[in-house]
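A quick write-up on the structure given underneath.
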Amino acid sequence: MTQLAEARGWRRTHYCGELRPSDEGSAVVLMGWVHRRRDHGGLIFIDLRDRSGLVQIVFHPDNPGAYRAADEARSEYVLGVAGTVRMRPEGRVNPNIPTGEVEVIPREVKILNASRTPPFYIPNGSDADETVRLKYRYLDLRRPEMQRNIVLRHRIVKAVRDFFDSHGFYEIETPMLIRSTPEGARDYLVPSRVNPGRFYALPQSPQLFKQLLMVAGFDRYMQIARCFRDEDLRADRQPEFTQIDVEMSFVEPDDVISLAEEMLSTVFKQTIGAELSAPFPRLTYDEAMLRYGSDKPDIRFGMEISDLTDIVRGSGFRVFSSAAASGARVRGFAVPGGGRLGRRELDELSAKAVDLGAGGLVWLAIERGGARSPVAKHLSVEEVSAISACTGAGEGDLVLIVAAPEKTGAAVTGALRLDVGHRLGLAAPGFHFCWVTDFPLFEFSEEENRLVAVHHPFTAPADADVPTVLDHSARTEDLLRVRAKAYDLVLNGTEIGGGSMRNHDRRVQQGVLRALQIGPEEAAERFGFLLDALEYGAPPHGGIAFGLDRLLTYMTGSSSMRDVIAFPKTSSAGCLLTGAPAPVARAQLEELKIRTSVEDRDAG
RNA sequence: GGAGGCGUGGUGUAGCCGGUCAAACAUACAUGCCUGUCACGCAUGAGAUCGCGGGUUCGAAUCCCGUCGCCUCCGCCA
């Protein structure tokens, strides 16, 4: 039975991973975990690990007390080691670790705690199934790789705060127990005991509060803000996530955009040493949809989409000509070297196109003096060469073409472009940012049979479109043409930030709400406080929010967002470590005056 | 709400077109040997009724149905 020691009287002098030849001869006291133990019988090596790294401790039988402790120690035991740093003997240096030139000869060793055999071996724990890693998250987080991510997260957040602080921003906390917000994602609800039958919502973002802070005159606000959205998860989505939330008064979109570029450049440089080439390219929403078939274009590879409708308008190939005649679009792009794609891959791409709503997929393998294609005989030589010229396809390339209504066509070509890009490994390494601007303010929701906000209901329309928004008799098709002063930031094809100018004029805000068919009563009921605030000297203002977790996934090179969050949730929004969400005692529900409609068999 | 994948000693995998499979390999673990290793080495050993429930069959890890968990995708995510 292990006799556990107390660390009393011992003061740690160094972190394990910091010891260097310059420490030779120093008396040190280390505290750490047994990373690996190599027992040569008569000589035992232990790699002692703490958050800084590893150092080798050499136990010699000459020191029976220390040797006995080393003999007894096992993986993940917690040891205190008092000893002396010395240079490793000639030829025993380990160049693979930073402390490889030195080792510690212990004078005295204390076993501060024993450990059960861990469910997975920490030194190569990433091999373990993620379910096991999440259940024993505190062990998973011991792994150097995870520690690196979490520490980098700290450094990045610190760099972000420092940046904004030095630019005159105040970090101001906003409430977590708020009113349920209009529109948007589902809210997480919190019952009020004091007000039975009433509920708080957890914030989907601090949107309204940061606007109120502008009305209050703080001028520049930022917050590392936790946000909650009760929607189904994805690889890059957690039910609770963190935003770098920013709002500024008396600015235009360009001010926010250039500040964001400066912030990211600074933070990337300071934390991971990456040089970003700001300013980032900008595309309008319409350009992005046309050239990339997406509002979050992945610009790491070319293969830009071209509109071929006019080329094939008079084509003998009925699929194309009738599509053109009916107002649909014919769009395609060239796949460099795509001529080598096999029949099976082309079939998969076709299936995908159909899956996404296209009637089919036309492919042309460009060859000397023509094209190989299932529909080659329907296309004239002139058409083929015009298509090649327009898409930039040359010999050996493949052209993929989809004929479909505008929206479907963009979505399908966009998805195919990404698929092929990944298939052929075309993505350039590095961080490729771009801005997407001039989003529509509204889009039509088939489901709700009304206009909904593309960004959120407080987004300001473009100056030129303000009259349309103010016009009580504006038609839906006019409103759909209204542009927003909104912008998204995209990194390697992932949306990592977005923002807008807000409505500071109550009339404009009311016009937007009217277009969204949110009546004055409902508006007053749900966020009248904001409308009121707009009447007391609200300054022109706008801002942006960045998805910190997504940003970190890229900055750490992680394959999963869960690897940059200390305690993440699973794709069914559960916590495998704590078992949340869990049933609660009946008494708790009674206190809240809540009755559930599901069988609460687990409730106590 | 829908689709797909996965689930076998502590961990990672193999087996999975039914029976010589009371399940193999690696690693971790235990014991012993080993005084310069650093993924130490060598030897020996313990450890899984194959997620759970039901069904088909003479016989199920293997086939079928259901269910639970995890992962990915569509819908959804202003």
Side-chain angles (χ1 to χ4, degrees), chain A residues 35-48 54-62 67 74-76 88-97 99-100 103 105 115-136 139-140 181-187 204-205 207-208 227-239 241 352 355-357 411 415 419 439-443 445-448 451-459 484 486 488 495 498-500 512 516 518 545 547 559-562 568-574 576 579:
Chain A
H35 189 68
R36 280 203 182 87
R37 180 171 164 278
R38 295 177 292 280
D39 183 350
H40 288 247
L43 192 64
I44 300 173
F45 299 94
I46 285 179
D47 292 335
L48 196 67
L54 305 172
V55 70
Q56 173 169 283
I57 319 287
V58 186
F59 298 84
H60 207 275
D62 291 357
Y67 187 84
R74 293 292 180 271
S75 282
E76 301 308 313
R88 291 197 185 185
E90 200 58 36
R92 310 298 182 199
V93 166
N94 182 352
N96 301 318
I97 59 173
T99 61
E103 60 193 11
I105 306 300
S115 170
R116 294 168 59 185
T117 301
F120 52 87
Y121 192 47
I122 309 288
N124 53 356
S126 64
D127 292 347
D129 185 88
E130 196 170 5
T131 311
V132 181
R133 290 175 52 202
L134 290 173
K135 181 173 177 190
Y136 298 95
L139 297 180
D140 191 34
T181 44
E183 317 248 304
R186 288 187 199 92
D187 285 318
Q204 293 178 28
S205 81
Q207 182 60 36
L208 296 179
C227 306
F228 306 84
R229 292 179 192 175
D230 187 7
E231 295 292 344
D232 289 345
L233 274 65
R234 283 286 190 287
D236 60 355
R237 253 194 252 158
Q238 282 275 307
F241 60 99
K352 182 164 194 153
D355 213 41
L356 291 168
D419 186 313
F439 277 80
L441 187 61
F442 306 111
E443 65 188 338
S445 164
E446 302 285 349
E447 195 180 324
E448 299 184 53
L451 294 180
V452 294
V454 169
H455 194 55
H456 59 57
F458 314 107
T459 301
D488 274 1
E495 182 198 329
S500 65
V512 171
L516 295 172
I518 298 174
S559 52
S560 165
M561 177 178 277
R562 292 180 294 277
K569 304 256 186 312
T570 67
S571 67
S572 51
L576 296 180

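By convention in this document, chain letters (A, B, ...) are assigned in the order of the sequence lines, proteins followed by strands, and residues within each chain are numbered from 1.
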Starting at [atom1] of [X] and ending at [atom2] of [N], how long is that distance when rounded to a whole Å?
X	N	atom1	atom2	result
Leu233(A)	G69(B)	CG	P	14 Å
Asp232(A)	U72(B)	CG	P	13 Å
Arg88(A)	U35(B)	CZ	C1'	15 Å
Leu576(A)	C68(B)	CG	P	16 Å
Glu76(A)	A28(B)	CD	C1'	12 Å
Asp129(A)	U8(B)	CG	C1'	13 Å
Asp419(A)	C73(B)	CG	P	14 Å

Could you tell me which nucleotide pairs with [N] by Watson-Crick or G-U wobble geometry, both distances under 3.5 Å, or answer none if nothing does?
N	result
G41(B)	C33(B)
G59(B)	none
A22(B)	none
U49(B)	none
U27(B)	G10(B)
U72(B)	A3(B)

Look at all strands and tell whether [X] reaches a base, only sugar-phosphate, or nothing, counting heavy atoms closer than 4.0 Å.
X	value
Arg562(A)	sugar-phosphate
Asn96(A)	nothing
Glu495(A)	nothing
Arg36(A)	sugar-phosphate
Ser75(A)	sugar-phosphate
Thr459(A)	nothing

Below 4.0 Å: OP1/OP2 of [N] and any side-chain N or O of [X]:
X	N	answer
Ser572(A)	C70(B)	yes
Thr570(A)	G69(B)	no
Arg133(A)	C71(B)	no
Ser571(A)	C71(B)	yes
Arg229(A)	C76(B)	no
Arg38(A)	C34(B)	no
Arg186(A)	C77(B)	no

Are [X] and [Y] close enough that some pair of their side-chain heavy atoms sits under 4.5 Å apart?
X	Y	value
Tyr121(A)	Arg36(A)	yes
Ile57(A)	Glu103(A)	no
Asp140(A)	Leu134(A)	no
Phe120(A)	Asp129(A)	no

If you check the [X] side chain, which of [options] turns out closest?
X	options	value
Arg237(A)	G36(B), C77(B), U31(B)	C77(B)
Val132(A)	U11(B), G36(B), A28(B)	U11(B)
Ala128(A)	U11(B), U35(B), C70(B)	U11(B)
Arg92(A)	U35(B), C38(B), C77(B)	C38(B)
Thr117(A)	C77(B), C29(B), C40(B)	C29(B)
Phe45(A)	C34(B), U11(B), G36(B)	G36(B)

With a 4.0 Å cut-off on N to O distance, would you call Asp230(A) and Arg186(A) a salt bridge?
no
Given Asp47(A) and Arg38(A), is the side-chain contact (heavy atoms from CB on, under 4.5 Å) satisfied, shown in steps?
CA-CA 9 Å; Asp47(A) 292 335; Arg38(A) 295 177 292 280; 2.9 Å; yes
Distance between C1' atoms of C76(B) and G54(B) (Å, rounded)
35 Å
